[in-house]
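Every chain is numbered from 1 and lettered A, B, ... according to where its sequence line falls, protein lines coming before strand lines.
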Protein chains: 2
Amino acid sequence: MREATTRYVILGALEMEGPLSGYEIRTWISQSVGYFWTESFGQLYPELKRLAAEKLISPLPEKQAHARARQRYEISPSGRRLLAAWVEQPARPQPVRAEFLLKLLFSRQSGLVVTRRHLEAIAEAERGKGAAFAGARAALLDEGPDSPDLVYALVVLRYGQHISAMRRAWVEESLQLLAAHEAGGPAAVLNAFHELVEEEPR
Amino acid sequence: MREATTRYVILGALEMEGPLSGYEIRTWISQSVGYFWTESFGQLYPELKRLAAEKLISPLPEKQAHARARQRYEISPSGRRLLAAWVEQPARPQPVRAEFLLKLLFSRQSGLVVTRRHLEAIAEAERGKGAAFAGARAALLDEGPDSPDLVYALVVLRYGQHISAMRRAWVEESLQLLAAHEAGGPAAVLNAFHELVEEEPR
DNA sequence: TTTGCCATGTAACTAGTTACATGATTTG
DNA sequence: CAAATCATGTAACTAGTTACATGGCAAA
């Protein structure tokens, strides 16, 4: 049985940010955890209803009473308990499916030009994220220097920064390997590879 | 519309390894690209039938003729064309969903003990993968020093090694941040964080 | 007044997982 | 001969995506 994670993101968002509407939860997700989580409205709104039916969250009374007015929800004590229990459970190994690595692996037919283009697109995308991380970091730092959530948020942010830096480094390295291939075929690639690996400790 | 990727993995496997059966494709996947791709039989066998019906792969005549005997398939010219076209298309941005980061972010209630346990489990898992990468690398190096696929395979392998190393480094760093939090609260965390970031170039 | 954002929601679809069933062949 | 592995397949399910529909409100 696959465990639905959407509900825990909702609970977590409400726990960290206080009462939020569906729309606000979605913006929170895309702004603060967007680089490692996404959630669509088609999943969000039905789940909010379910959580409310299970008394894990409670709708707040709102002023404007027209249809489709904003409806905020608050996490309940039992919701908090459920969230904590989930957090304490070890994370299931997520089935990673990195399409771009498949394309790379199958690139022989298409050749180096296509491969280079793909790699450079990745590096470019990562450079774009750099700014986003800097922004998120700034927001964290001046928003809550006393926040008890700060350590956790920073740890998560650092993961994003690490991944981004790693990807850029990997692209650089890969371009070198491709250059070696172009210059001297598989043999030259092997040399270049050994040099790369020897630079690393252990 | 979501694009089914399973078919391209199958085509790629047949392209790289020659004729394979469903079972063999699955072992190939789990052994050589298992760290970034998974595929289940429930998806594999129906897709093989579809690909054969579309003449993108062709079943080889096999000797033993009992039911449920091994059936190998070969990629066809049109299959090869389809694969190449897919490879040349830029990879769609995959919706990453890293559950363990969510758990980390929502860890305040559960506390440092739980968080440490999670982090150490991640590091432990990565250390285990180290051996697998070494094996994959060795296989690559002595299997095909002249293989035209070598560059691509190495580039992909390096990604795995990079990720693994990055994760271990991140865990170490995170444990330091947690220690700082324990010793001096958010203020100490901020100091530790700034030290970490300053070490990095740019 | 039109563009864009705030806001909620549903219907249709499908990719992928899980669990199960069947049986041959090899190995200890 | 028992256990493990090789081998193919199906049924049932569900999490998640995509596309669409509706409408209020604010700013340009």
Side-chain angles (χ1 to χ4, degrees), chain A residues 1-10 13 19-31 33-34 36-53 57 59-60 62-73 86 91-99 102, chain B residues 1-10 13 19-31 33-34 36-53 57 59-60 62-73 86 91-99 102:
Chain A
M1 188 99 71
R2 283 188 292 177
E3 196 179 11
T5 325
T6 302
R7 51 175 41 207
Y8 301 108
V9 196
I10 295 175
L20 295 175
S21 68
Y23 196 88
E24 287 168 330
I25 291 174
R26 221 245 178 158
T27 31
W28 179 82
I29 290 175
S30 62
Q31 274 167 21
V33 299
F36 70 87
W37 203 263
T38 52
E39 211 61 67
S40 59
F41 284 130
Q43 199 75 354
L44 214 44
Y45 285 111
E47 190 63 37
L48 280 170
K49 298 276 167 178
R50 275 192 292 269
L51 287 170
I57 62 178
L60 296 186
E62 303 268 346
K63 298 150 202 177
Q64 329 116 295
H66 72 270
R68 290 178 193 242
R70 178 180 57 199
Q71 176 60 62
R72 288 215 174 96
Y73 297 87
W86 177 76
R92 303 161 300 166
Q94 70 232 16
V96 253
R97 307 192 108 217
E99 201 179 278
L102 280 183
Chain B
M1 186 99 68
R2 283 189 291 177
E3 197 181 9
T5 324
T6 302
R7 49 176 42 207
Y8 302 107
V9 197
I10 295 175
L20 294 175
S21 69
Y23 196 89
E24 288 168 329
I25 290 174
R26 218 242 182 160
T27 31
W28 178 81
I29 290 174
S30 62
Q31 274 167 22
V33 300
F36 70 87
W37 202 264
T38 52
E39 211 60 66
S40 59
F41 284 129
Q43 199 76 354
L44 213 43
Y45 286 110
E47 190 64 37
L48 280 171
K49 298 275 167 182
R50 276 192 291 269
L51 287 170
I57 62 178
L60 295 186
E62 302 269 345
K63 298 150 202 179
Q64 331 115 299
H66 71 269
R68 289 179 194 243
R70 180 180 56 199
Q71 176 60 63
R72 289 214 174 96
Y73 297 87
W86 178 75
R92 303 161 300 167
Q94 71 230 17
V96 253
R97 306 192 107 216
E99 200 179 280
L102 279 183

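The interatomic distance linking B:Glu47 (CD) with D:dG9 (P) rounds to 14 Å, in whole Å. Rounded to whole angstrom, the span from the CD atom of B:Gln71 across to the P atom of D:dG9 amounts to 8 Å. Atom CG in B:Leu20 sits about 14 Å away from atom C1' in D:dC6, given to the nearest Å. Taking atom OH of B:Tyr45 as the reference point, atom C1' of C:dA21 lies 14 Å away to the nearest angstrom. Across the protein-nucleic acid pair, B:Arg97 atom CZ and D:dT17 atom P stand 5 Å apart, rounded to whole Å. Rounded to a whole Å, the CZ atom of A:Phe41 is 10 Å from the C1' atom of C:dG9. Nucleotide D:dG9 holds its P atom 13 Å from the CZ atom of B:Arg50, rounded to whole Å. Look at CG on B:Leu51: it is 16 Å from C1' on D:dT8, rounded to the nearest Å.
Taking 4.5 Å as the limit, every side-chain heavy atom of A:Ile10 sits out of range of all side-chain heavy atoms of A:Tyr73.
Between B:Lys49 and D:dT8, a side-chain N or O to OP1/OP2 separation shorter than 4.0 Å is absent. Put simply, B:Ser40 has a side-chain N or O that comes within less than 4.0 Å of OP1 or OP2 on C:dT17. Under 4.0 angstrom from either OP1 or OP2 of D:dC6 there lies no side-chain N or O belonging to B:Thr27. In terms of phosphate contacts, B:Thr5 brings no side-chain nitrogen or oxygen within less than 4.0 Å of OP1 or OP2 of C:dA15.
Of the listed nucleotides (D:dT8, D:dT18, C:dA7), D:dT8 has the atom at the smallest distance from the side chain of B:Arg70. Side-chain proximity of B:Tyr23 to the nucleotides C:dA15, D:dG16, D:dA7 is greatest for D:dA7. Listed nucleotides: C:dT17, D:dT8, D:dG16. Nearest to the side chain of A:Thr6: D:dG16.
Within 4.0 Å of A:Gly22, counting heavy atoms only, lie sugar-phosphate atoms of the nucleic acid but no base atom.
A donor atom on one side chain and an acceptor atom on the other are found under 3.5 Å apart for A:Ser21 and A:Glu24.
Between atom CG of residue B:Leu102 and atom CH2 of residue A:Trp37 there is a gap of 5.0 Å, rounded to the nearest 0.5 Å. We find the CH2-CZ distance between B:Trp86 and B:Arg7 to be 12.0 Å, quoted to the nearest 0.5 Å.
Looking at A:Glu39 and A:Arg26, no side-chain N of the basic residue comes within less than 4.0 Å of a carboxylate O on the acidic one, giving no salt bridge.
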